[in-house]
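Excluded from the calculations below are hydrogen atoms, water molecules and symmetry mates; all remaining heavy atoms, backbone and side chain alike, are included.
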Amino acid sequence: MAEGKNLYETVIVTSAKLGEEGSAALVERFKTLIAEHGTVQSVDDWGKRRFAYPINKQNEGYYTLINFESGPEFTAELDRRYQITDGIVRTLIVKRDPRHIAPKKPQKPQAQEDGGIDVEAIAVEAVAETESAE
């Protein structure tokens with residue numbers, strides 16, 4: 001992690017009135033804004049979901065989670081831009097603790113599956129038995 005940079009995650013809830021394409025365009029606009037002031041690590045589109053209670057007389061919205069790294073001064077500007085943008089219903093920006101982020105472990109291929117049973121060998125034997133029975 002670069003000096004003076006922090007890890008953040010933001011959740012954007014856009015209006016269902018925008019539709020899927022309009023919501024994606026709005027999220028793309030904020031992704032480019034974040035990329036200008038830091039680095040976007042991941043974007044997770046959660047899709048259209050129903051609200052627990054009506055917000056601004058709406059019952060549904062599109063949810064998107066963006067993980068990014070930037071300086072601490074940028075979050076205030078990002079929040080200000082969220083507030084003045086039409087189509088944004090709710091937002092949340094949270095600073096992530098780097099101690100709680102699990103490093104991604106490379107997955108090693110498994111030699112045998114199903115607790116030591118060689119499934120491929122059993123399948124070959126079964127095919128050979130059915131061919132010999134014919």
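Between atom OG1 of residue T10 and atom CD1 of residue I34 there is a gap of 6.0 Å, rounded to the nearest 0.5 Å. Atom CG of N56 sits about 8.5 Å away from atom NZ of K17, to the nearest 0.5 Å. With rounding to the nearest 0.5 Å, the separation of CD in E20 from OG1 in T14 is 10.0 Å. Here H37 contributes atom NE2 and T32 contributes atom OG1; the two are 10.5 Å apart, rounded to the nearest 0.5 Å. The line from OH of Y63 to NZ of K48 is 12.5 Å long, rounded to the nearest 0.5 Å.
A salt bridge does not link K5 to E69: none of the charged side-chain nitrogens sits closer than 4.0 Å to a carboxylate oxygen.
Taking the side chain as every heavy atom from C-beta outward, R96 and Q41 approach each other to under 4.5 Å. Within the 4.5 Å cutoff, the side chain of S42 has no heavy atoms near those of the F68 side chain. Counting heavy atoms from C-beta on, the side chains of F30 and T64 never come closer than 4.5 Å. With a 4.5 Å cut-off on side-chain heavy atoms, E77 and L33 do not count as touching. Side-chain contact between I66 and K31 is present, with at least one heavy-atom pair separated by less than 4.5 Å. Within the 4.5 Å cutoff, side-chain heavy atoms of L65 are placed close to those of W46.
Dense packing is recorded around CD of E36, with more than 12 heavy atoms of other residues, nucleotides or ligands lying under 6.0 Å away.
Between G38 and S70 the shortest heavy-atom distance is CA-CB, 4.2 Å. When all heavy atoms are compared, the tightest approach of I93 to T75 is CD1-O, 3.8 Å. Smallest separation of non-hydrogen atoms from V13 and G61: CG1-CA, 4.3 Å.
Only one option out of V89, I88, L26 pairs with L18 in a side-chain contact (heavy atoms from CB on, under 4.5 Å); it is L26. When the options T85, I84, L78 are evaluated for a side-chain contact (heavy atoms from CB on, under 4.5 Å) with Y82, the one that passes is L78.
Judged purely by distance below 3.5 Å, without hydrogens or angles, the side chains of S15 and Y62 never pair a donor atom with an acceptor atom.
Cluster membership check: I55 shares its hydrophobic cluster with V11, using side-chain heavy-atom separations under 4.5 Å among Ile, Leu, Val, Met, Phe, Trp and Tyr.
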